[in-house]
Amino acid sequence: MEAVIAISIGVLFGSGVWLVLRPRTFQVITGLLLISYAVNLFIFIMGRLWLDRPPLTLEDGLVDGLVDAGLYADPLPQALVLTAIVIGFATTALYLVVMIGSRGLTGTDHVDGKESSK
Amino acid sequence: MSLPWMQHLILAPVLLPLLCGALLVLISERHHERKFLIDLVGVLGLLVVSLVLVHLSDSEHWPGGVGVYLAANWAAPFGIVLLVDRLTAVMLLLSSGLALASLVFAMTRWSRIGVHFHSLFQFLLMGINGAFLTNDLFNLFVFFEVMLAASYGLVLHGYNSMRIRAGMQYIVINLVASFFFLIGVALIYAAAGTLNMADLAGRVSGLDADELVLLKLGMTVLALAFLTKSAMWPLGFWLPTTYAAASPPVAAMMVLMTKIGVYVVLRLWLLVFSDGAAAGFGFDALLWGGLATLAFGTIGLLASQDSGRMAGYAAVISSGTLLAVVGYGQPSLIGVALFYLIGSTLAVAAFLLLIELIERIRTPSAAMLALTMEAFAVEDAPDEPVGVAIPGALAFLGLAFAGCALVITGLPPLSGFIAKFGLFHALLNPGPGEALGRITWVLLTLVVLSGLAGIISLMRFGVRTFWAAKDVTPPRLQLTEVAPISLLLLLCVLLTVQAGPAMDYLERSAEALHRSEAYVERVLSEPVVSRIIEGDRP
Amino acid sequence: MMTLLFLAIDFTLLCTVLAMLLCMVRLLRGPAAQDRVLALDTLWMCAMLLALALGIRFGSLIYFEAAMLIALTGFVSTVALAKFLMRGEVIE
Amino acid sequence: MLLLSLILVPFVGSAIAALMPANARNREAWLAGGVALFGLLTTLFLYAQTGSGEAVRFHATWLPGYGLDFMLRMDGLAWLFAMLILGIGLLVVIYARYYMSPADPVPRFFSFLLAFMGSMLGVVLSGNLIQLVIFWELTSVTSFLLIGYWHHRADARRGARMAFTVTATGGLCLLVGVLLLGHIAGSYSLDVVLASGDVVREHPWYLPTLVLIALGALTKSAQFPFHFWLPHAMAAPTPVSAFLHSATMVKAGVFLLMRLWPTLSGTPEWTWIIAGAGLCTLLIGAFVAIFQHDLKGLLAYSTISHLGLITVLLGIGSPLAVVAAIFHTLNHATFKASLFMAAGIIDHESGTRDMRKLRGLYRALPYTATLAIVASAAMAGVPLLNGFLSKEMFFAETLLVGGPENWGMSLAAILMGIFSVAYSLRFIHVFFGPLAADLPKAPHEPPRWMRFPVEFLVLCCLVVGVAPGWSVGRLLNNAVLSVLGAQAPEYDLAVWHGFNLPLLMSVLALVGGVTFYTLLRRRYDLIHSDRVPLLHRFNGKEAYESTMLRLTSTAASLETLLSTRRLQPQLVLMMVLLVAVPLLLVRPLSLLAFSSGGEFSPLFAGLWVIGCACAIGAAWQAKYHRLAALSLVGGTGIVTSMTFLWLSAPDLALTQLMVETVTTVLILLGLRWLPARIAPRELNLRAPRSAWVRRSRDMAIAVSAGLGMSALSYAVLVRPASPGGISDFFLTRALSEGGGSNVVNVLLVDFRSFDTLGEIAVLAIVALTVYALLRRFRPAPESVPIPAQQANSVDPAAGQTPAQQVESGYLQVPSVYLRLLFPIMLVIAAYFFLRGHNLPGGGFVAGLTFAVAIIVQYMLAGTAWVETHLRLQSNRWIAFGLIAACATGLGAWAFGHPFLTSHTAHVTLPLVGEIHLPSAFVFDLGVFAVVVGATILILVALAHQSVRSHRLPAGSVPPRATGKEIK
Amino acid sequence: MNQGIETLPVWVSLPVTALLVLGSLIVLIGALGLVRLPNFYQRIHGPAITITLGTGCILIASMIYFTALQSRLVIHELLITAFVFLTAPVVAMLIMRTAVYRDLRAAKRDREPESDETYPCPRKK
Amino acid sequence: MSRWFPSPPLSVALLVMWLLLNQSLAPGHLLLGALLAVVVPLWAKPLRPMAAVRFKKPIVMARLLGMALVEIVRSCFNVSRIILFTRPDGLNSQFIRVPLDLKHPHGLALLSCLINSTPGTVWVEILPDSHDLALHVFDLHDEAWWIDTIKTRYEQPLIEIFE
Ligand code: NA
Ligand code: NA
């Protein structure tokens, strides 16, 4: 599982990087989306992988009302990822609007707002 | 036990703009004046708060001059900690001063060419101030995002095709840099299990070899993000383009934003790598990167004919100088570097504001400019402000330009010279245990050359603009345009006249930066306010 | 008997993932846009089933919410895609 | 205090002058004159205190930590220079009153002039080297402004730039030199520096220090090879030339050499550098002066030559030479200023300065001519005039250089004497012969007071020349004492020392000069030659211009080489650095010591086969098939959220799912305005080689970045989490102190609620930005018409409004479902919101669900219909949400707690029983409101583009523009 | 694997097993249809079985399973069923029409429109 | 009544839904559910302009649904069989038209639900001019049978229920 997720993060990141290096605005937005998946997963796995251990310290699962921290997944990276997801969504929206605005004003969907001279 | 009221002032630089910004959203765009007034009151409030903080952090109010605020009342490594020390306070002051100037400048024209300017402006301040205040790495990310998101909006504010081209570049690069930021933070968390900077510094010595490698990796990737934002060569090509394209008040604020990257590197590096297991890590890279940036800025300044790009390269030079100084790693340099930072920020910002006024000389009339500016705004064209042509408007422009040029190039008698002198003095008179090396001379030479390049370039521009232009019509200047530039330049003058006290304050700030152990202890020992017992769960 | 149940649960997971793989094939191959939209929608459905199956696998009700959310809102992006193809704009 | 006023008053005067109206010629002159007079009187008053070899001091702390205090120090030398500055300044002001045309905007002129006076006084009075540099650069600045006073003239602009570039560069060198000197001496205070000559001369940094300071001095004093700027500075108004470029500013360099003479002189390096430069300057200046056609040009080169003379004297290094240097400085100032003024009068009266046109001016202005002739005689070193005395001292000193065998120096001195006689003759030539008829103006004597300064100065030349000891003896002695102190030599300021070698040299020079000039006029076509014989190749001006040009063009090409304005190369760099910097700096390979860990789950692997395939597919399709890429990204998104679910992060899974949906709708809304890219028909056309190179490079970067991330992820995953991490705290305290069992949610709304506050601020900002940007959105021309789909008769709803579609058959059946789903989604949103604190859910998911519910209605019935039926002011939602979140935090203040401290209220209701209402709940409500408001604002703002005025009617659809659909 | 599953009685585990196997087979077959069938109009029928019977079987299995596991009536899976019934028709309808209109437009572009042709014949490959 | 409960069946459904979601019959949840059941329809009312459904004949409805369920399961196995064992080119996938008399939107919606839920048939649209239902059939053997089945088995009861 560790290897699978590690490889997958690499593939997503690599695909995203490839796209971000492309000249078309839509390719870049796709790349940004993929990179954000990769990065979110990356932050997430900093808490390591936990199966069926969601950080829900429900009262009926406690022993003597005490929480055994070892029984739950690390909640902190999850909280960070949640924030990152929302911020990522926001920035995607912003980029999108800039992308169409740029296409409208400059007449091209090249990231530089003009076709490269080559 | 309850929290002393004054303590909440630490939070005010974040909270005040947030509330102001939210309030401004509610007010219709039709009420320009009301919006501006609220915005102004907010900024003035910030100014007052930061003045008080400057005072408090330099008095005995807090132990060690460090004010700690536990947001949400959770003790240090667990909750988010805001922190004010002298350095933070002075940066907050700089930010509110700059904001005041930019805002007043934006009053008549720039705030009206699009909607939500004032809200975005306040949110920008919130982000900037938050980034200065926070002591938590992920919270820093959040405030960076607040700042950047607002700056995206402001850079594109009233966009035309040039602005959108630059904005696209600025946004994409910063989005990628934000990813770097996240990767870095994640790695640091994986290595040290904490996000609190002070806690991190305390933990470095306890890390095993692999964890140390992870930590260094995280810090390196993080540094790439900050260095992109502070425009280190070869990560900062976006800067001149963006500065040249953004509207003047926004560009002026961006000058400060560029410095935040440096600020964070300074803070974090001194905290984590000044001593302990990984002492000295990365300083060389900063030094060489800074030198390269300095050299590149010098070249760019010489090469550029366009005033906006000149201002951009001036900012690159100041970034490069600061990075090199931080990387040089001599404690006595930091104080003067801060002095330099303040002066150059004020001057470049003033220059960016000035540019727009200067550009009016070149077109037949201000109306023409307004025409092109409004070319793409259909529904929200503000009425052309009717101003009194100040006699001697040209003289003012010339004088202000000269002032900016003096500070930027480091010519006497303004603060630029004091900073440069202080820098050289500190370089040549190292403390005990530090030696002059070849790199000292490289740094010194590059700084001198950058000043020279500034002289050549700015003089070329000034002569062409003020002297060589045929049939110059004195532009119509508004008081709201003249006052902010004067304010910024007066601050430079004040910084010169009061160089002694200012430098003393900054030296004390710098000194505190190097006492990381006291700092760590101070942050981690701040007690929570005991919770209301009857409110707790049974 | 329990072994059989275990096996059945694993078999369900396997089939769901295999079904998702098949959807992916269609998603990649197209050829027409509507094929991809259909494949994506089916992928959503399979994901919902996967969530349910995981819930059964771990004996936890936590997974139900995800399945429910997919059942309720998973169709929105499909409808948006379809509407875009059909009318050229999602919101007229 | 008086000392301080000496400097302050000119600056204050300058500011006042600047504010005066443009036509107040007299008032400004009075002001300037008053300032100069005040200074003069003050200086005279201070004479008593400086007379005895002591110095008057003023001290104010400024930057004590850096050894930089504001120190003024007036000793004999400074006094002498101050007198010079103020005296000649006063005369120049009087002169300028008449010289400047009534049309000239004189406030600026006098303002600059006074500022210069202040700066120059600052230079001579500085008691601190750094402060000296400050004033030094200020003189450069004011000189720049004065040279460029008539800035509409190209020569003025060029002259100003050249002068400033050279002197300011020198100033920078001087700064560094002074810093080195200060480092060696341990202080920047002049007193200390002057006292530590031995230390300085033995220090290993002596040579660089000397070179740097010399660079400063030599550039300022227009010494070879930096002399070229001075002639071009003659574009300034003549009073400026008289004041700055002969009497004072150019003397700053020699002043500095005198000032630091006790510290730096006395070594072979000193002599070689200073005397060498001086000697070259002396000869070149004198020689070139002869061949000028411009009166002021001649005077400028003569000034260069005389400055060279002073420099040589200082370079020689003997005490007597210093005496001569100081004396000659004084003398030169007197006669050269008067000559400049005379030249100015000639220019003023006749309208030209061209010696080729000027003839017989004696007839027109005999009185001025007489004065000028006397002054030039002083310049030529004719006995009984002051120039003779100091030049003779110079001759005497040259004899001593290198011992009795070495005559080189003396020969050079005689040669210089000959040249100077020649150019003096050339100068006075304009007065003789018949009056030229073709002058632009008919010359006559100038106004009385315009001539007065010249008269006064010439009188000084005479008085000093006749009775040197009586007139300037004590002043000179004071100055000499302050430089040489105990080393001060015995000297005699008499006119007659008997027949000796220096006298012989003077005679030789006079006779030789006359002969040389006569020969030149006879044999050499002085009038018509446009260039200087022998030396015309050394054109400093052209060298300067071409250097500047080359500098700019080199910088421009370097800038192009070292930077880019395009986005892609920058991103390439960022990515390369992301991979390379950690590898180089950290060497993380130790982490990869292969260790296997964890288990392998084929199902999970299968899931990620999908995720990866979709990602790669998206990367492959995004160029031409956007919709396919979007669907594929959606596939990856589904897999990602399933992974979150699988790996114990239900909150993340829920949020990711909702974000996935909203993002898809968002991008589709955007795609409407992004015209399709049509794949080129010739798909088999081979991509050019450069494209392949680029793609391979990018592929390499992408692969290595991916590999890096994989390796890093794996390295982290196979290591156990560090035990002391902070997250256990959250797990153990969430329920007991945070009041919620969903630790992630408690983190978001309590432990790290400050993050969340920032996060919703980001959402709000982006929404406002998007709204603001779309207000001025101009779509691409290809996107302006309504979509082809809607204009095609295939579609039964072509031309129907969305509301009509819903009513008739087109969307009637779906509308029943979608409208039924609306309240259901709202309830689900409420459900997720209310349970979030304890179970997966919370404000984000709830808000997104709510927003999706509304967006579905927009999709169904169109913008217009929905908005006539439901007024949802997203702005207010955003503002309310932010304020609510803040208010929750502020509520804690009332209890004396920090911002955002959570409290739980326990309310007991009948029937229901006790319920816990954590304040975090209100905070989450704020989050919810912001998420709803922001999401809706973004999506609806995009949707509104479809109903804006840029939508063209169906009939105007261009046939091909939207012909091809996006696949 | 969760605790408590061992304690399930046979009368629970047997139907659950059967429903799960049946459901997952149908899911798989549906997806297979999506891949295997040659044109869009046929492919759209594949996922239909996944959505109805596949989902149905697994939901029922889940209900029985959790009811037994938690010893209380767990029937909130009904909600999913309801939601699926509310959303699936819309999706099928809209995708189908998308395909139809697109094909019609393509046909119209390719040749003169034939007035009586309402729906494209699925082109045989 | 209709002022506070624009659509009583919806309110009931929402309450049930709420209770199902929370898997609880606790008074607190009942109260909250009831509150939502009142507030949400009220708030959503402007966006739901159609009159509330009245189920006149619950027995007809139940019979219809039961019949449909059987049909769904049967078709499901048919389609599975075809996918697994039939060569695709042997399929006779066709569009057919079914003239409809049912006009009530809710009835049509329910009809579409039943048809679309039945594997092997996909509802395309109701043709605007003729009010014919266009239908795609996976494997068509007898067009008339289909038309007849839909009209008698489905449409007739729906007309009874809704009109
Ligand atoms: Na000799
Ligand atoms: Na069906």
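Just so we're on the same page: letters track the sequence lines, and every chain starts at 1.
Neither the backbone nor the side chain of B:L124 comes within contact range of chain D, judged by heavy atoms closer than 4.5 Å. For B:V221, the part lying under 4.5 angstrom from a heavy atom of chain D is the side chain only. At a 4.5 Å heavy-atom cutoff, B:T409 makes no contact with chain D through either its backbone or its side chain. In this structure, chain D has a heavy atom under 4.5 Å from the side chain of B:L18, while its backbone stays farther away. Heavy atoms closer than 4.5 Å to chain D are found in the side chain of B:V14, but not in its backbone. With a 4.5 angstrom heavy-atom cutoff, B:L452 touches chain D via backbone and side-chain atoms both. Looking at B:N196, neither its backbone nor its side chain comes within 4.5 Å of chain D, counting heavy atoms on both sides. Of the atoms belonging to B:E507, it is side-chain heavy atoms, and not backbone ones, that fall under 4.5 Å from chain D. Heavy atoms closer than 4.5 Å to chain D are found in the side chain of B:D136, but not in its backbone. Heavy atoms of B:L224 lying under 4.5 Å from chain D belong exclusively to its side chain. Contacts of B:L428 with chain D are made by both backbone and side-chain atoms, with heavy-atom separations under 4.5 Å. Neither the backbone nor the side chain of B:L427 comes within less than 4.5 Å of any heavy atom in chain D. Proximity to chain D involves both the backbone and the side chain of B:A150, based on heavy atoms less than 4.5 angstrom apart. Residue B:L148: no heavy atom, backbone or side chain, is found under 4.5 Å from chain D.
From B:N73, atom CG reaches atom NE2 of D:H903 across 8.0 Å, with rounding to the nearest 0.5 Å. The CG atom of B:L235 sits 7.0 Å away from atom CG of D:L573, with the distance rounded to the nearest 0.5 Å. We find the OH-CD distance between B:Y313 and D:E559 to be 3.5 Å, quoted to the nearest 0.5 Å. One finds the CG atom of D:L551 at 10.0 Å from the CD1 atom of B:I299 (value rounded to the nearest 0.5 Å). Here D:L68 contributes atom CG and B:I418 contributes atom CD1; the two are 6.0 Å apart, rounded to the nearest 0.5 Å. One finds the CZ atom of D:R778 at 12.5 Å from the CG atom of B:N160 (value rounded to the nearest 0.5 Å).
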Task: CA sep, side-chain torsions, deciding dist, call: D:V586, B:V213, side-chain contact (heavy atoms from CB on, under 4.5 Å) - done: CA-CA 7 Å; D:V586 188; B:V213 171; 3.9 Å; yes
Task: Trace of the side-chain contact (heavy atoms from CB on, under 4.5 Å) decision for D:L175 with B:F417 - done: CA-CA 10 Å; D:L175 171 65; B:F417 176 80; 3.8 Å; yes
TODO: Using the side-chain contact (heavy atoms from CB on, under 4.5 Å) rule, take B:I455 and D:L172 through it: C-alpha gap first, then chi angles, then the decisive distance, then the call.
DONE: CA-CA 11 Å; B:I455 290 171; D:L172 280 173; 4.2 Å; yes
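For the set D:M575, D:E759, D:R719, D:R876, the entry with the most heavy-atom pairs within less than 4.5 Å of chain B is D:R719. The most heavy-atom pairs under 4.5 Å with chain B, out of D:P898, D:P918, D:G725, D:P569, come from D:P898. Counting heavy-atom pairs under 4.5 Å between each of D:V766, D:L757, D:T169 and chain B puts D:T169 at the top. For the set B:Q7, B:R460, B:H157, B:M126, the count of heavy-atom pairs under 4.5 angstrom toward chain D peaks at B:R460. Your options are B:G79, B:G422, B:G451, and the one with the most heavy-atom pairs under 4.5 Å with chain D is B:G422. Among D:L747, D:I883, D:L578, the residue making the largest number of heavy-atom pairs under 4.5 Å with chain B is D:L578. Comparing D:I765, D:L763, D:L584 by heavy-atom pairs within less than 4.5 Å of chain B, the highest count is held by D:I765. Heavy-atom pairs under 4.5 Å with chain B were tallied for D:Q873, D:M709, D:H183, D:E137; the largest tally goes to D:H183. Here B:L156 is the residue among B:I10, B:T241, B:L24, B:L156 with the most heavy-atom pairs under 4.5 Å with chain D.
Counting heavy atoms from C-beta outward, B:L187 and D:L712 have side chains that approach closer than 4.5 Å. Side-chain contact between D:L890 and B:L15: present, with at least one pair of heavy atoms (C-beta onward) separated by less than 4.5 Å. Between B:F421 and D:I134, the closest side-chain pair of non-hydrogen atoms is not below 4.5 Å. At a threshold of 4.5 Å between non-hydrogen side-chain atoms, the residues D:S727 and B:Y189 count as touching. Side-chain contact between D:I130 and B:H425 is absent, with no heavy atoms from C-beta onward closer than 4.5 Å. Considering only heavy atoms from C-beta on, D:Q570 stays 4.5 Å or farther from B:V172 through its side chain. Proximity of D:L882 to B:V25: side-chain heavy atoms (C-beta onward) are nowhere separated by under 4.5 Å. Contact annotation: the side chain of B:M459 approaches that of D:T165 to within less than 4.5 Å [non-hydrogen atoms, C-beta and beyond].
If you look at D:F754 and B:F143, their ring centroids are closer than 6.0 Å. The six-membered or imidazole ring of D:F144 lies near that of B:W467, with a centre-to-centre distance under 6.0 Å.
Evaluation of the side chain to side chain donor-acceptor pair (under 3.5 Å) rule for B:E211 yields no partner, not counting sequence neighbours. Applying the side chain to side chain donor-acceptor pair (under 3.5 Å) criterion to B:H8, with sequence neighbours excluded, gives B:Y69, D:W893.
When each of D:L577, D:T564, D:L562 is tested with B:P234 by the rule side chain to side chain contact (heavy atoms under 4.5 Å, CB included), just one qualifies, namely D:L577.
Taking the six-membered ring for Trp and thresholds of 30 and 60 degrees, D:F729 and B:F78 have nearly parallel ring planes, at less than 30 degrees apart.
Contact record, D:L768 with B:F123: CD1-CE1, 3.9 Å, taken as the closest heavy-atom pair. Shortest non-hydrogen contact noted between B:L217 and D:P582 is CD2-CB, 3.3 Å.
When atom types are taken as modelled, the side chain of B:E145 and the backbone of D:G758 share no donor-acceptor pair closer than 3.5 angstrom. At least one donor-acceptor pair closer than 3.5 Å links the side chain of D:R776 to the backbone N or O of B:I113.
Residue D:R153 places its CZ atom among more than 12 non-hydrogen atoms of other residues, nucleotides or ligands, all under 6.0 Å distant.
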